[in-house]
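One structure is given here, and the rest of the page talks about it.
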Amino acid sequence: TMERLLDVAMSIKNPKNRFPIVCLSVVDDDQKAQQRLIDAKKMLDGAIMHAASADQSVEIITTISQNVSGGIRRVAREIFATDIVMGFSLKKQFSDILFGNVIKDIVENTWQLVWICSISPDIYQFKKINIVCPRYSDLEYGFNQWLDRISLLADTLKVSISICAPVKTFEHIIKQFKRNKNGSAINHFEFNRWEDFLQISSFIHPNDLNLIILPRKGGVAYENSQEGIPRLMAKNFENFNFILVYPAIMDMDQELMFD
């Protein structure tokens, strides 16, 4: 729901960031577009009330576009967005959704840090965050950004953290957490074989918030086996709460303004 996505956005937002969170709804340009805009506006009005209850300010944007992903990308550029938070459901033809036009286009054609969320309960009910990181993810441009966001998330939720990653990657993660003065209890489980991704079943839990770091094509941490991970999740972890994290891939001056 919009409230769950907004909770994620508020939890990863840097308190020093003076710009509001923007809640966006894009509708297809067809004969029903006008009514869909009205319905979307009503839905987003609820986001304003939800954010106000957490002492946060949000702006809402509704727009028409010939395709939804194009509308999202256009608005993200116009507002200088640094993060894009989107939702999906593992229980509703997840494979088709993830590999459909909208999310695939966003992942492949944006530079921003992208969060694809499938979360059922209130995020404040979680007691632990599990982070699954591939080898070399600490060497990519977007490493500090997504890790700083997760550090904020853990602080906000007051949860412990378990990290499933190669040893060297974990060591770099710990250094960054220390720089952030994160006080969460942190555990490490070594994991190197992404081609055997289902082995994480002994590490993650349906009652935890599970974050999977998925570097994009062209990055040093990208592996071909990562392409099949969303489908494996849909088939084997239907009742789990997940966020797929696609790190930012381009250095933009705007990040100095918004980080």
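Hydrophobic clustering of Ile, Leu, Val, Met, Phe, Trp and Tyr side chains at less than 4.5 Å, counting indirect connections, keeps I84 apart from F143. Both Y246 and I72 sit in one connected hydrophobic cluster of ILVMFWY residues. Membership requires side-chain heavy atoms under 4.5 Å apart, directly or through other members. Note: the hydrophobic cluster containing I229 also contains L244 (ILVMFWY, side chain heavy atoms under 4.5 Å, direct or indirect links). In the hydrophobic cluster analysis, where Ile, Leu, Val, Met, Phe, Trp and Tyr join through side-chain heavy atoms closer than 4.5 angstrom, I161 is grouped apart from F203. Note on I123: it clusters hydrophobically with V245, by side-chain heavy-atom contacts below 4.5 Å among ILVMFWY residues.
With rounding to the nearest 0.5 Å, the separation of CD1 in I200 from CG in N130 is 9.0 Å. Atom NZ in K168 sits 11.5 Å away from atom CD in E190 (nearest 0.5 Å). To the nearest 0.5 Å, atom NZ of residue K41 and atom CG of residue L37 are 11.0 Å apart. Considering CD of Q145 and CD of E140, their distance stands at 12.5 Å, rounded to 0.5 Å. Atom CD1 of I173 and atom OG of S137 lie 5.5 Å apart (nearest 0.5 Å). The CD1 atom of I186 sits 4.0 Å away from atom CD1 of I174, with the distance rounded to the nearest 0.5 Å.
Remark: D30 engages R36 in a salt bridge, criterion side-chain N to carboxylate O under 4.0 Å. Taking 4.0 Å as the cut-off between side-chain N and carboxylate O, D208 and K127 do not count as a salt-bridged pair. In summary, R73 and D105 engage in a salt bridge, as defined by a charged side-chain N under 4.0 Å from a carboxylate O.
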Evaluate F240 against M233 for side chain to side chain contact (heavy atoms under 4.5 Å, CB included), listing each step before the verdict.
CA-CA 9 Å; F240 286 62; M233 290 164 49; over 6 Å; no
When you look at E108 and I103, which way does the side chain to side chain contact (heavy atoms under 4.5 Å, CB included) test go after all the steps?
CA-CA 9 Å; E108 293 183 352; I103 293 180; over 6 Å; no
Would I106 and M86 count as a side chain to side chain contact (heavy atoms under 4.5 Å, CB included) here? Give the steps.
CA-CA 10 Å; I106 294 300; M86 302 176 63; 4.0 Å; yes
Should S162 and I131 be marked as a side chain to side chain contact (heavy atoms under 4.5 Å, CB included) after you check the CA-CA gap, both sets of side-chain angles, and the distance that decides it?
CA-CA 6 Å; S162 290; I131 308 172; over 6 Å; no
Solution key, residues 49-64 side-chain donor-acceptor pairs under 3.5 Å, sequence neighbours excluded:
| residue | atom | partner | partner atom | Å |
| --- | --- | --- | --- | --- |
| H50 | NE2 | D7 | OD1 | 2.7 |
| S53 | OG | H50 | O | 2.5 |
| T63 | OG1 | R74 | NH2 | 3.1 |

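Using a 3.5 Å distance cut-off with no hydrogens or angles, the side chains of D28 and N67 do not pair a donor with an acceptor. For Q226 and N224, the side-chain atoms include no donor-acceptor pair closer than 3.5 Å.
Residues forming a ring-ring contact (aromatic ring centres under 6.0 Å, His included) with Y124 (at least two apart in sequence, or on another chain): none.
Inter-residue side-chain proximity for I79 and F19 is flagged as unmet; no heavy-atom pair is nearer than 4.5 Å. Using a 4.5 Å heavy-atom threshold, the side chains of L211 and I150 count as touching. Proximity of K217 to E227: side-chain heavy atoms (C-beta onward) are separated by under 4.5 Å at one or more points. Looking at F189 and I163, their side chains never come closer than 4.5 Å, going by heavy atoms from C-beta outward. Contact of the M10 side chain with the L6 side chain is registered, since non-hydrogen atoms from C-beta on lie closer than 4.5 Å. In this structure the side chain of N182 never reaches within 4.5 angstrom of the side chain of Q176, judged on heavy atoms. Side-chain contact between Y141 and I249 is absent, with no heavy atoms from C-beta onward closer than 4.5 Å. The shortest side-chain heavy-atom distance between S118 and N241 does not fall under the 4.5 Å cut-off.
Of the possible polar contacts, none joining the N210 side chain to the I129 backbone as a donor-acceptor pair under 3.5 Å is found. Remark: side-chain polar atoms of H188 are not paired, donor with acceptor, to backbone N or O of C164 under 3.5 angstrom. Distance alone, capped at 3.5 Å, is enough to place a donor-acceptor pair between the R4 side chain and the P121 backbone. Although no hydrogens or angles enter the test, the distance criterion places no donor-acceptor pair under 3.5 Å between the side chain of S151 and the main chain of L147. Checked by atom type and distance alone, the side chain of R135 never pairs as donor or acceptor with a backbone atom of A221 at under 3.5 Å.
Between D196 and R193, the shortest heavy-atom distance links the atoms OD2-NE, 2.7 Å. Closest approach of G183 and D155 over heavy atoms only: N-OD1, 4.1 Å. Across K13 and P20, no two heavy atoms sit closer than the pair NZ-CA, 4.0 Å. Nearest approach of P247 to L113, heavy atoms of both residues: CA-CD1, 3.7 Å. Of all heavy-atom pairs spanning C133 and T169, the tightest one is CB-CG2, 4.3 Å. Nearest heavy atom pair, residue D83 against residue W115, reads OD2-NE1, 3.0 Å.
Counting Ile, Leu, Val, Met, Phe, Trp and Tyr side chains that sit under 4.5 Å apart, directly or through other members, V220 shares a hydrophobic cluster with Y136, L139.
When each of F197, W194, Y222 is checked for a side-chain contact (heavy atoms from CB on, under 4.5 Å) with P134, only W194 meets the rule.
Within a 6.0 Å radius of CD in E78, other residues, nucleotides and ligands contribute more than 12 heavy atoms.
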